[in-house]
**Student:** 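Mind looking over this structure? Questions follow.
Numbering of ligands and ligand atoms starts at 1, following listing order.
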Amino acid sequence: MTSHEDVFGQEAAATCFAPGRVNLIGEYTDLIGGNVLPMPLTKGITVTVGPALSGVHAFSTAEETKIEINLGEGKKNHWADYVAGPLVMAEKAGATIPPMNLMVESDLPAGAGVSSSAALEVATLKALFAFTGQGHSNTDIALLAQKAENEFCGVKCGIMDQMAVSVGNQGHALALNCETLEWDQVALPKGWSIAVIHCGEARQLTDGAYNERRAALDEAAAEIGPISLRSQSIDVAEKLSDPLVVRRVRHVLSEQARTLRATEALRAGDMSLLGKLMNESHESLRTNFEVSTGSLDRLVAAARDAGAFGARLTGAGFGGCIVALVAESERESWWHAVSTECPAAWAVEL
Ligand code: GLA
């Protein structure tokens with residue numbers, strides 16, 4: 001294993017970790033300040049940091065490349081953007097960025113939709129602040145990381161991923177209100193397991209499609225007027241003028257209602273209801289939000305046929321992973337049936 005010392009000739013001064021995440025339900029609701037229910041994975045990204053004589057240098061063990069980061073330059077369309085962006089945003093917010101060396105090590109599958117970019121952004125910021133002793137709350141770190149994604153990388157994402165990987169707790173779902181940023185942790189009841197299965201189709205480059213979804217919601221908000229989309233009743237969707245915007249809003253408002261019910265179901269241990277709501281979520285993402293693909297739909301169907309209580313695409317869609325709710329005792333036979341039906345699928349280690 002490569003160590004910080006191997007790469008930079010000096011021991012690391014601090015080591016910070018941020019996990020990947022899977023979202024149980026509440027897809028795209030963060031864009032209207034709604035509720036979400038993501039869960040951190042045990043796998044994630046570790047960033048070590050130590051002093052440098054001058055400049056900021058980053059090394060990725062996966063890429064085996066050392067890059068000098070010039071904070072005055074913009075994005076370069078490679079992995080180090082998720083290091084540079086957060087540092088640029090931290091500096092803009094008043095933080096000192098000293099000369100330093102950063103080493104990035106990941107055991108997350110990249111491009112699978114499990115938030116490897118949010119994990120890298122958050123781990124970078126935690127490493128910076130641990131190194132310099134500048135105190136920041138985990139929520140502030142998540143907000144800075146989101147800013148980096150929005151303004152530096154150009155993806156107009158919501159706050160779910162950065163909050164999930166910054167404040168989430170392993171083995172618990174994070175019941176997060178994306179408007180107030182209030183949250184609490186809900187433990188997964190015993191006897192149940194969450195499976196994250198990749199459909200075998202890489203997540204396509206989706207920044208454009210993602211930003212389009214956001215633009216449709218912004219258009220709806222402008223048409224509706226001063227009261228936020230989040231607090232509207234579902235039938236407001238049907239009054240909008242553009243049929244495409246109608247479908248997009250139908251999704252986020254119905255998903256918001258489902259997420260609140262699903263969170264209560266999880267708290268109460270009502271797994272049949274949680275599973276049913278997950279299934280409905282997939283249907284709405286497929287028909288109203290139009291972010292599913294043939295491979296995701298087939299995998300969701302196979303997961304349900306093999307006995308999952310609920311299954312749906314997770315994250316932004318357009319390929320990547322599904323999440324399924326499975327009884328622990330049936331997990332092995334369930335996976336055998338699913339992988340026989342969908343041979344390209346693979347299980348993401350949680
Ligand atoms: C991506 C974004 C999140 C969220 C999800 C969809 O992961 O980064 O903010 O919108 O898509 O729920």
Side-chain angles (χ1 to χ4, degrees), residues 18-41 81-82 85-86 108-122 139 142-168 173-179 181 183 196 198 202-218 229-230 248-249 251-256 258-259 262-263 277-278 281-282 284-286 288-293 296 312-323 348:
R21 67 94 188 94
V22 57
N23 190 20
L24 302 187
I25 196 163
E27 223 60 86
Y28 287 94
T29 40
D30 61 349
L31 296 184
I32 59 162
N35 290 65
V36 291
L37 197 60
M39 213 171 122
L41 309 181
D81 288 343
Y82 299 101
L108 279 179
V114 291
S115 279
S116 53
S117 54
L120 180 50
E121 291 155 357
V122 165
T139 298
L143 287 165
L144 274 178
Q146 183 201 20
K147 226 166 184 246
E149 188 95 35
N150 289 174
E151 293 175 21
F152 189 88
C153 301
V155 183
K156 306 288 175 208
C157 68
I159 191 66
M160 170 172 73
D161 301 344
Q162 290 77 10
M163 279 296 281
V165 311
S166 190
V167 312
L174 183 77
L176 171 70
N177 177 327
C178 296
E179 189 171 58
L181 297 188
W183 48 267
V196 182
H198 195 289
R203 216 157 73 86
Q204 297 143 28
L205 278 184
T206 52
D207 300 359
Y210 187 94
N211 289 346
E212 254 172 57
R213 299 300 184 284
R214 176 159 211 151
L217 299 177
D218 289 347
L229 204 47
R230 178 192 209 274
R248 302 298 188 248
V249 172
H251 168 71
V252 284
L253 291 183
S254 64
E255 184 78 351
Q256 170 63 7
R258 277 188 291 275
T259 305
T263 306
L277 293 163
M278 287 169 75
S281 166
H282 183 80
S284 176
L285 286 160
R286 188 177 73 79
N288 293 320
F289 223 62
E290 297 175 287
V291 294
S292 191
T293 64
L296 286 169
R312 54 182 288 279
L313 74 84
T314 183
F318 307 105
C321 294
I322 70 156
V323 58
V348 174

**Student:** Which of the atoms of ligand 1 are close to Gly158, meaning less than 4.0 Å from one of its heavy atoms?
**Tutor:**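 So the answer, numbered in order with elements, is 9 (O).
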**Student:** For Arg21, take its heavy atoms, then give the atoms of ligand 1 lying under 4.0 Å from any of them.
**Tutor:**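 Here the atoms of ligand 1 in question are 7 (O).
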**Student:** Give the residue, atom name and distance (to 0.1 Å) of the protein heavy atom nearest atom 9 (O) of ligand 1.
**Tutor:**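 Looking at atom 9 (O) of ligand 1, the protein heavy atom closest to it is Asp30 OD2, 2.5 Å.
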**Student:** If we count only N and O atoms by modelled type, under 3.5 Å, do the side chains of Arg230 and Asn35 hold a donor and an acceptor together?
**Tutor:**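 Their side chains do contain a donor-acceptor pair, which is all the 3.5 Å distance test asks for.
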**Student:** Nearest 0.5 angstrom please: Gln162 CD to Asp30 CG, how far?
**Tutor:**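 Interatomic distance, Gln162 CD to Asp30 CG, rounded to 0.5 Å: 8.5 Å.
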**Student:** How far apart are the closest heavy atoms of Leu296 and Cys321, and which atoms are they?
**Tutor:**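 In terms of heavy atoms, the two residues are closest at CD2-O, 3.8 Å.
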**Student:** What is the nearest protein non-hydrogen atom to atom 10 (O) of ligand 1, stated with its residue, atom name and distance?
**Tutor:**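 Among all protein heavy atoms, the one nearest atom 10 (O) of ligand 1 is Tyr210 OH, 2.6 Å.
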**Student:** To the nearest 0.5 Å, what is the distance between CG (Asn177) and OG1 (Thr259)?
**Tutor:**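 One finds 11.5 Å between CG of Asn177 and OG1 of Thr259.
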**Student:** For the residue pair Ser281 / Glu255, report whether a side-chain donor-acceptor contact shorter than 3.5 Å exists.
**Tutor:**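 Glu255 vs Ser281: donor-acceptor pair found between side chains.
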**Student:** Specify the protein heavy atom at minimum distance from atom 1 (C) of ligand 1: its residue, its atom name, and the distance to 0.1 Å.
**Tutor:**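 I find the closest protein heavy atom is Asp161 OD2, 3.6 Å.
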**Student:** Among all the protein's non-hydrogen atoms, which is closest to atom 5 (C) of ligand 1, and how far away is it?
**Tutor:**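 Its nearest protein heavy-atom neighbour is Met160 CE, 3.8 Å.
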